[in-house]
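The block underneath contains the structure these notes are about, expressed in structure tokens.
Just so you know, these numbers come straight off a predicted model, no measurement behind them.
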Amino acid sequence: MKNLENIPVEQRRRTNPLAHVFDEFMAFCQSRSLFMLHYCTGCGAVELPPVMTSRFDGERLGISPMVSPRQADVLLVTGYVSVKTLKRVILTYEQMPAPKYVVGICSCTVNGGMYWQSYATAKKLSDYMPVDIYIAGCMPRPEAVISGMRDLMEKIRTGKADSWKDYFRNYDHYLGQQQRLFGPKWQTPTDIIGEAEHYGLITKNTRGEHTRLLEEHQKRLEPLEMRL
Ligand code: SF4
């Protein structure tokens with residue numbers, strides 16, 4: 001019989017037959033209680049009030065609006081994202097505690113939509129942060145938003161909504177895309193490498209040429225100095 005000490009903690013927990021039952025129960029509870037931070041950029045934002053108010057009533061599904069990234073689970077990006085706005089969106093995303101999910105609403109988040117030729121917009125949200133669900137349309141009706149949120153809930157319940165892990169595992173790639181758009185001195189106050197270590201999600205793609213560039217330019221940010 002294997003010495004328990006030699007089995008990694010994660011696998012040791014799996015030897016308990018009730019572990020899966022508990023995990024599934026936790027995933028179910030998580031999927032039925034989502035606090036949503038709606039980053040109302042772009043015109044798609046006008047379809048959110050009907051989703052949350054009496055006609056379509058998103059709260060019956062356990063989805064509530066939240067005002068701070070620290071307490072939110074889902075980041076909704078509701079339309080085209082300008083280069084300036086994208087910096088705020090990334091900063092907001094990084095402030096959210098894991099597990100966290102991103103929903104891209106509107107065709108503009110999928111491929112740039114009707115602004116695909118604009119010099120000022122970021123074309124594809126998933127180039128800069130991992131996206132769990134896209135809800136396409138210009139703009140999508142509230143039924144489509146509700147349907148997309150139900151798909152997200154099902155992904156969370158079945159343990160398939162793990163894109164937040166991708167941000168840690170492939171941080172060098174995402175940071176590289178951000179640096180291409182914002183310049184080599186781009187930085188946020190969040191220590192993503194430290195968080196990746198905390199969750200045990202460091203891979204060979206977490207660090208690389210772009211994180212080295214970040215370390216080169218990184219300096220302590222004072223609140224009033226932070227230029228976004
Ligand atoms: S997809 Fe259409 S409605 Fe949505 S942000 Fe773009 S232009 Fe506006």
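L152 pairs with exactly one of I135, D132, I63 by the side chain to side chain contact (heavy atoms under 4.5 Å, CB included) rule, that one being D132. Y174 pairs in a ring-ring contact (aromatic ring centres under 6.0 Å, His included) with only one of the listed residues (Y128, W164, Y93, Y167), which is Y167.
Around the CZ atom of R32, the shell of radius 6.0 Å holds more than 12 heavy atoms that belong to other residues, nucleotides or ligands. No more than 12 heavy atoms of other residues, nucleotides or ligands sit less than 6.0 Å from atom CZ of F25.
Side-chain heavy atoms closer than 4.5 Å link hydrophobic residues (I, L, V, M, F, W, Y) into clusters, and following such links, even through other members, never connects V102 to M139. I133 and F35 fall into different hydrophobic clusters, where Ile, Leu, Val, Met, Phe, Trp and Tyr side chains are chained together by heavy-atom contacts under 4.5 Å. Both Y101 and L61 belong to a single network of hydrophobic side chains, linked directly or stepwise wherever heavy atoms of I, L, V, M, F, W or Y lie under 4.5 Å apart. Under a hydrophobic-cluster definition in which Ile, Leu, Val, Met, Phe, Trp and Tyr are linked whenever side-chain heavy atoms come within less than 4.5 Å, directly or via other members, V46 and V103 are assigned to different clusters. Taking hydrophobic clusters as Ile, Leu, Val, Met, Phe, Trp and Tyr residues chained together by side-chain heavy-atom distances below 4.5 Å, V83 shares a cluster with V77.
Checked for salt-bridge contact, E209 and R212 miss the test: no charged N lies under 4.0 Å from a carboxylate O. Using a cutoff of 4.0 Å between basic side-chain nitrogens and carboxylate oxygens, E94 and R88 are not scored as salt-bridged.
What you find for T203 and R169 is that their closest heavy atoms are OG1-O, 2.7 Å. Of all non-hydrogen atoms in E59 and P65, the two that sit nearest each other are OE2-CD, 4.3 Å. In plain terms, the two heavy atoms of T41 and Y80 that are nearest each other are OG1-O, 2.7 Å. For the residue pair I105 and P140, the shortest heavy atom distance occurs at CG2-CG, 3.6 Å. Shortest non-hydrogen contact noted between F168 and L201 is CD1-CD1, 3.7 Å. A pairwise comparison of heavy atoms in T109 and G79 identifies CG2-O, 3.1 Å as the closest pair.
K123 places a side-chain N or O within 3.5 Å of a backbone atom of S118 that can act as its donor or acceptor partner. Of the possible donor and acceptor atoms, none in the side chain of S147 sits under 3.5 Å from a partner among the backbone N and O of E143. Checking side-chain atoms of S33 against main-chain N and O of Q30 turns up no donor-acceptor pair under 3.5 Å. Side-chain atoms of R141 never come within 3.5 Å of backbone atoms of G137 as a donor-acceptor pair (strictly under, hydrogens ignored). The backbone N or O of D151 lies less than 3.5 Å from no partner atom in the side chain of K155, so there is not a single donor-acceptor pair. Without hydrogens or angle criteria, Y134 side chain to S126 main chain gives a donor-acceptor distance under 3.5 Å.
Side-chain polar atoms of E195 and T190 form no donor-acceptor pair below 3.5 angstrom. Defined by atom type and a distance below 3.5 Å, a donor-acceptor pair is present between the side-chain atoms of W186 and Q178. For S68 and Q71, the side-chain atoms include at least one donor-acceptor pair closer than 3.5 Å. Under the 3.5 Å distance criterion, with hydrogens and angles disregarded, no donor-acceptor pair is assigned to the side chains of T85 and Y39.
Using a 4.5 Å heavy-atom cutoff, the side chains of R60 and D57 are in contact. Side-chain contact check for T121 versus L86: every heavy-atom pair is 4.5 Å or farther apart. Looking at heavy atoms from C-beta onward, P50 lies out of side-chain contact with R55 at the 4.5 angstrom threshold. In this structure, the side chains of L76 and L37 stay at 4.5 Å or more apart for every pair of heavy atoms. Within the 4.5 Å cutoff, the side chain of L175 has no heavy atoms near those of the L213 side chain. For the pair L48/P142, no side-chain contact is recorded, criterion being any heavy-atom separation below 4.5 Å from C-beta on.
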Which is it for H210 and D172 under the side chain to side chain contact (heavy atoms under 4.5 Å, CB included) test, yes or no, and what are the steps along the way? CA-CA 6 Å; H210 302 107; D172 194 63; 3.3 Å; yes
Determine, step by step, whether L75 and M96 satisfy the side chain to side chain contact (heavy atoms under 4.5 Å, CB included) criterion, reporting the C-alpha distance in whole Å, the side-chain angles of both residues, the deciding distance to 0.1 Å, and the verdict. CA-CA 9 Å; L75 175 63; M96 290 167 63; 3.8 Å; yes
Could you go through T206 and N170, starting from their C-alpha distance and side-chain angles, then the distance that decides it, and tell me whether this counts as side chain to side chain contact (heavy atoms under 4.5 Å, CB included)? CA-CA 5 Å; T206 305; N170 292 308; over 6 Å; no
Checking M36 against M66 for the side chain to side chain contact (heavy atoms under 4.5 Å, CB included) test, could you report, in this order, the C-alpha distance in whole Å, the side-chain angles of both residues, the deciding distance, and whether it holds? CA-CA 5 Å; M36 164 185 97; M66 178 46 69; over 6 Å; no
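Not a single salt bridge (Lys or Arg N to Asp or Glu O under 4.0 Å) links E215 to another residue, sequence neighbours left out.
Distance check: Q179 CD to Q187 CD gives 10.5 Å after rounding to the nearest 0.5 Å. Separating the OG atom in S31 from the CZ atom in R150 is a distance of 10.5 Å, to the nearest 0.5 Å. To the nearest 0.5 Å, atom SG of residue C106 and atom OH of residue Y115 are 10.0 Å apart. Here the NE2 atom belonging to H173 is positioned 4.5 Å from the CD atom belonging to Q177, to the nearest 0.5 angstrom.
Stacking of K87 on the aromatic ring of F182 is recorded, both the 6.0 Å distance cut-off and the 45° axial limit being met.
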